[in-house]
Amino acid sequence: MPEDKPDQKPASPPPPAAGEKPAAAAAPPKPAGEPAKPATPAKPAGPVPQPWESEMVERFCRRFGSGIDPKTYLGQNYIVADPSIVYQLLQMLRDSEQFDYCVDVTAVHYPQRKDQEFDVVWILYSFPRNERVRVKTMLKDGDPAPSVVALWGTANWLERECYDMFGIRFEGHPDLRRILLPDGWKGHPLRKEYGITQQDSEWVKLNLGIESGQ
Amino acid sequence: MADFSNYLNSNLTPGQAGAHLWVVIYILIIFAAVSLAVIAMNWLERKILAHMQVRLGPMRVGPHGLLQPIADALKLLIKEDIIPENADKLVFWMAPLVVVITAFTTYIVIPFGPTHAVTDMNIGILFMLGVASLGTLGIIMAGWASNSHYPLLGSLRSSAQMVSYEVAMGMAAVSAILMTSLRGTGVYGIGSPTADAIGTLSMIEIVRAQMNQHVWFVFKFFPLGLAAFGIFAIAMVAETNRAPFDLPEAESELTAGFHTEYSGFRWSLFFLAEYAAMIAVSSIAVTLWLGGWLRPFPHWLSGDAWDTAFSIFPAFTFFVLAGMALRTTVRMPKHPYFKIQKAGLGVFGLLLGGIGLVLLVPPVRDRVQDIYWFAIKVAAFMYLYIWYRGTFPRYRFDQLMRLGWKFMIPTGIGVLIATALVGVL
Amino acid sequence: MADILKSEQSPSSVEHIEAEKGVDQPFLDATELILNMGPQHPSTHGVLRVILKLDGEKVLNTECVIGYLHRGVEKIAEHRTYAMFNPYVDRMDYVAAVSNGLGYCEAVEKLLNVEAPPRAQWVRTILTELNRIASHQLWLGTHALDIGAITPLFYTFRDREEILKIFEKYCGARLTTHAFRIGGCLYETYDGFEQDVKKFCDFVTPKVDEYETLLTTNRIWLERTKGVGVLKAEDCIDLGVTGPVLRASGVKWDLRKAQPYAAYKNFEFDIPTGQNGDTYDRYLVRVAEMRQALRIIRQAVDSIPEGPIMGKVPKVMKPPVGEIYHSIEAPKGELGYFIVSDGSTQPYRVRVRPPSFVNLQALSKMVEGALVADVVAVIGTLDIVLGEVDR
């Protein structure tokens with residue numbers, strides 16, 4: 001319907017909506033925590049992520065070295081980790097740092113970031129410490145992320161949703177199927193190239209017997 | 001024709017007197033009365049339940065929704081009759097009939113008065129329990145024929161439930177039958193010690209026994225009769241699949257249980273049968289324990305004066321109802337929209353008053369008495385049914401079975417043995 | 001588990017239909033029965049579909065099929081400005097719309113690095129707690145209805161109505177209120193707001209006792225709920241279950257205390273907990289929470305500070321590039337918003353961490369080995385809202 005352009009064939013890169021964004025889009029992969037340049041913010045007005053220093057982080061740094069980049073932004077801590085070590089990091093967070101509650105597993109799509117199209121984000125919480133931490137890793141489109149179902153049972157559906165919405169495969173997931181969309185659906189709606197009114201019209205026709213759901 | 005008028009002078013039920021025409025008339029009357037009672041029950045249940053639940057209930061069709069049951073019945077009759085494609089059509093078609101026929105057949109032996117029964121069988125109570133439990137068959141047929149999972153589960157629940165509660169019900173009934181043949185008064189000395197004891201299964205004779213022994217069986221051998229009655233009262237709720245034992249149709253679990261696939265007229269037959277069965281089992285309970293058609297205290301408050309006083313009750317009840325209707329008429333909103341409703345309710349109130357007046361006429365008064373006391377006792381049970389429904393959550397299947405087998409049946413047997421012991425001592 | 005059940009959801013529709021037809025094939029030989037509960041079912045609280053594998057009435061396995069109410073809220077968010085997306089969150093957990101709005105507004109405020117003025121904080125707290133009561137009342141009524149007690153439903157709805165009236169008077173809407181704006185509240189409280197709220201508190205306090213007289217000591221209620229759907233504290237934490245379900249398992253954790261937001265740090269209240277983690281304890285916890293919510297409301301109403309109700313936020317909101325996770329204690333559990341900003345007027349990504357969705361995951365664990373009737377009881381006790389599960 002007419003609010004946004006009906007998105008017949010969305011080209012791959014255009015970021016969120018229409019207009020005004022390209023400039024912002026060019027700069028911003030930073031929020032994703034691109035470790036290199038906290039010093040050159042796109043908008044000097046806003047706060048910038050600061051390095052996060054704590055005992056726990058030191059332990060991690062000792063173990064993983066340059067593979068991780070702990071940051072703090074607006075009082076919230078997050079660790080950007082290399083995909084190769086992120087599972088060990090999460091495991092360590094749970095086993096030795098008491099982060100016993102996996103709040104959420106989700107992802108963000110940055111189509112314009114070459115070879116690092118996805119941020120996968122784990123939001124963790126520790127009941128004993130009353131502390132939150134986010135773990136983030138950047139993935140290439142098509143690369144699998146490690147599944148943490150073995151660590152936190154809650155990740156099961158959350159990872160399924162992530163797969164459903166972004167098409168990120170979680171390696172080691174016991175039952176990686178679509179969850180919110182029907183099984184035969186094509187496409188992953190939360191990817192940026194997927195239009196807001198776009199549908200798997202073939203599926204709609206076949207299963208609902210109508211031309212279009214719009 | 002002589003046969004026809006002779007019967008009126010006999011003191012027998014038409015079945016015993018062999019007056020076939022009267023049998024047919026009685027059957028027709030009972031059928032009409034029970035159907036009317038079901039309709040009234042439908043309205044009452046919705047109204048009473050509504051008032052328990054801070055609602056008003058039906059208010060639109062007729063004054064205070066009085067015509068709602070008729071509207072419902074019409075709706076059900078003209079509704080599309082759906083038979084699922086993969087259903088076993090013959091069985092699907094037969095199931096509601098089986099349920100309805102069994103529910104109505106039980107009325108043959110129910111004594112609304114000493115002569116007001118279609119017939120008096122010497123195995124009356126056995127006949128009743130037997131036929132009543134046949135209703136299960138219809139429910140199983142419905143569940144099976146629907147070829148659907150929910151009805152199947154519902155009908156399986158129903159059969160298990162009815163079979164297990166039948167036993168407890170039977171135990172309780174046997175102890176009432178036993179009481180007819182036992183002379184004693186128990187520790188509390190209730191009843192007449194000199195009454196003759198007759199063992200009988202006939203419904204009419206059971207009530208007569210209560211009269212002769214000067215005690216309703218619910219009070220005989222004091223806690224024992226009450227216990228047996230309690231078991232029966234619980235089992236009969238389970239037997240009729242009503243809350244809190246409404247598992248076969250548990251709407252929050254099995255959508256509608258065994259009648260999920262039924263619609264329109266067929267569904268209304270189930271509905272009719274359910275309420276008819278409720279009235280029927282309540283009638284058994286009333287007959288066995290609450291003195292059937294006997295008025296309260298027929299011996300203690302005896303004499304002509306008391307007889308007259310009690311015989312005014314039916315008329316009095318109708319006057320109260322008429323008063324309620326007329327009071328509501330007066331209190332109806334003054335808006336012209338309510339004109340017809342107001343007039344209708346007024347006429348209805350006057351009609352009730354008129355019936356009350358007719359009931360004051362001495363010959364009618366005497367004839368109607370028995371039926372009145374019987375009906376009032378059954379109505380109390382009907383109210384209980386509604387009350388249960390408004391108050392209790394539903395039992396789970398295993399809990400229901402546990403209650404049936406581990407509590408009701410042992411207690412029933414215990415009461416039976418105790419009754420026998422007390423009677424012999 | 002999924003092997004048998006998969007046949008019910010094979011990908012292409014032709015196969016799907018074939019498989020559905022085939023479900024009954026081994027019916028007479030098999031001892032197992034596959035029962036498809038929902039999406040149209042009286043007590044799945046919406047369009048939840050649960051496929052049960054039964055042995056008689058015993059549940060061997062369950063499989064939840066969700067997504068029937070999926071509207072792509074997160075996708076919509078990427079195409080709306082921050083303020084425009086605000087009403088959409090009300091449509092997720094529509095029985096606790098105010099809580100949703102609070103979570104979203106606070107998350108965006110955090111991202112903008114602004115704070116709502118104290119008066120707004122107080123009003124938000126009052127309305128959110130009222131909404132918590134409304135949500136719990138709706139839960140209690142429907143849960144009791146699932147278990148077969150039909151009367152509490154009408155009692156709770158009667159009292160919930162009073163809350164909705166207050167909402168209506170405050171912001172014109174009853175259900176999806178859109179009561180809060182980023183940076184505060186749009187509306188000043190109406191004349192007599194405090195009195196209305198106080199009157200409601202006095203009105204509902206005895207009513208909560210009334211619910212309890214109907215259920216708490218009812219033998220059938222006890223039998224139906226005690227020991228049903230037990231979830232131990234470890235399981236709760238492993239499955240990420242939060243809210244009253246977690247507290248009924250004995251974990252004394254409430255975000256209002258653990259990481260206070262809005263004005264909660266100013267009020268005294270207890271966190272009711274249970275011990276056994278069964279359906280009965282969850283019932284007790286929620287009823288106790290209603291009382292605590294009343295306690296908070298009473299304190300808050302007496303101390304609403306003066307001052308502006310809307311903070312200073314730019315007309316065109318362009319939060320700096322960055323990302324934020326903020327969560328609140330919604331009536332159902334932890335409701336979190338993960339918002340990524342790219343510096344434009346529209347959020348780059350909004351992720352909602354829905355409590356119902358995560359809690360629903362515990363269903364299969366809770367009903368294993370239970371009976372069909374327990375499944376209904378457990379779905380009720382989890383207090384899910386499908387609008388939030390599917391988003």
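What you see below is based on every heavy atom in this structure, not just the backbone, and it leaves out hydrogens, waters and symmetry mates. For clarity, every value in this text was computed on a predicted model and none was experimentally measured.
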Participant: Given that the side chain runs from C-beta out, which part of A:I179 has a heavy atom under 4.5 Å from chain C: side chain, backbone, both or neither?
Facilitator: both

Participant: So what's closer than 4.5 Å to chain C heavy atoms on A:V105: side chain, backbone, both or neither?
Facilitator: backbone

Participant: With only heavy atoms counted, which part of C:Q361 is less than 4.5 Å from chain A, the side chain, the backbone, both or neither?
Facilitator: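 Backbone plus side chain of C:Q361, per the 4.5 Å heavy-atom cut-off to chain A.
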
Participant: Under a 3.5 Å cutoff, is there a donor and acceptor pairing between the side chains of A:R132 and C:Q259?
Facilitator: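 Result is yes, a qualifying pair exists.
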
Participant: Among A:F127, A:W152, A:W157, which has the most heavy-atom pairs under 4.5 Å with chain C?
Facilitator: A:W157

Participant: Non-hydrogen atoms of chain C under 4.5 Å away: do they reach the side chain of A:E161, the backbone, both or neither?
Facilitator: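 For A:E161, the side chain is the part near chain C, not the backbone.
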
Participant: Is the shortest side-chain N to carboxylate O distance from C:K252 to C:D254 below 4.0 Å?
Facilitator: no

Participant: Tell me, side chain or backbone of A:R94 under 4.5 Å from chain C's heavy atoms, or both, or neither?
Facilitator: neither

Participant: Any chance CD of C:E115 has more than 12 other-residue heavy atoms, nucleotides or ligands included, within less than 6.0 Å?
Facilitator: no

Participant: Taking the basic N atoms (NZ, or NE/NH1/NH2) and the acidic carboxylate oxygens, is any pair closer than 4.0 Å for C:R349 and C:E323?
Facilitator: no

Participant: Does a salt bridge link A:D143 with A:R169, judged by any charged N lying under 4.0 Å from a carboxylate O?
Facilitator: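 Result for this pair is no, no salt bridge flagged.
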
Participant: Below 4.5 Å from any heavy atom of chain A, which atoms of C:V241 appear? Answer side chain, backbone, both or neither.
Facilitator: neither

Participant: Run the ring-ring contact (aromatic ring centres under 6.0 Å, His included) test against C:Y264 and tell me which residues pass, sequence neighbours left out.
Facilitator: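 Partners of C:Y264 by the ring-ring contact (aromatic ring centres under 6.0 Å, His included) criterion, ordered by chain and then number, come out as C:Y261.
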
Participant: Which residues satisfy the ring-ring contact (aromatic ring centres under 6.0 Å, His included) test with A:W52, sequence neighbours excluded?
Facilitator: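 If we apply the ring-ring contact (aromatic ring centres under 6.0 Å, His included) test to A:W52, skipping adjacent residues, there are no hits.
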
Participant: Looking only at heavy atoms and a cut-off of under 4.5 Å, which of A:V103, A:D100, A:L74 has the most pairs with chain C?
Facilitator: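 Heavy-atom pair counts peak at A:V103.
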
Participant: Relative to chain C, which segment of A:L190 carries a heavy atom at a distance below 4.5 Å: side chain, backbone, both, or neither?
Facilitator: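 Both parts, heavy atoms under 4.5 Å.
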
Participant: What are the residues of residues 350-359 of chain C, in order of number, with any heavy atom under 4.5 angstrom from a heavy atom of chain A?
Facilitator: C:R351, C:V352, C:R353, C:F357, C:V358

Participant: Go through the structure and list residues passing side chain to side chain donor-acceptor pair (under 3.5 Å) with C:K365, not counting sequence neighbours.
Facilitator: none

Participant: Using a 4.5 angstrom heavy-atom cutoff, name the option from A:D164, A:I123, A:L180, A:V121 with the most pairs to chain C.
Facilitator: A:L180

Participant: Between the side chains of C:E74 and C:R391, is the shortest nitrogen-to-carboxylate-oxygen separation below 4.0 Å, so that they form an ion pair?
Facilitator: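 Counted as a salt bridge, because a side-chain N and a carboxylate O are separated by less than 4.0 Å.
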
Participant: Based on non-hydrogen pairs under 4.5 Å, which of A:L151, A:T106, A:L158, A:T154 is most in contact with chain C?
Facilitator: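 Top count of heavy-atom pairs under 4.5 Å with chain C: A:T154.
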
Participant: Looking at C:E329 and C:R247, is there a salt bridge between them, counting it only when a charged N and a carboxylate O are closer than 4.0 Å?
Facilitator: yes

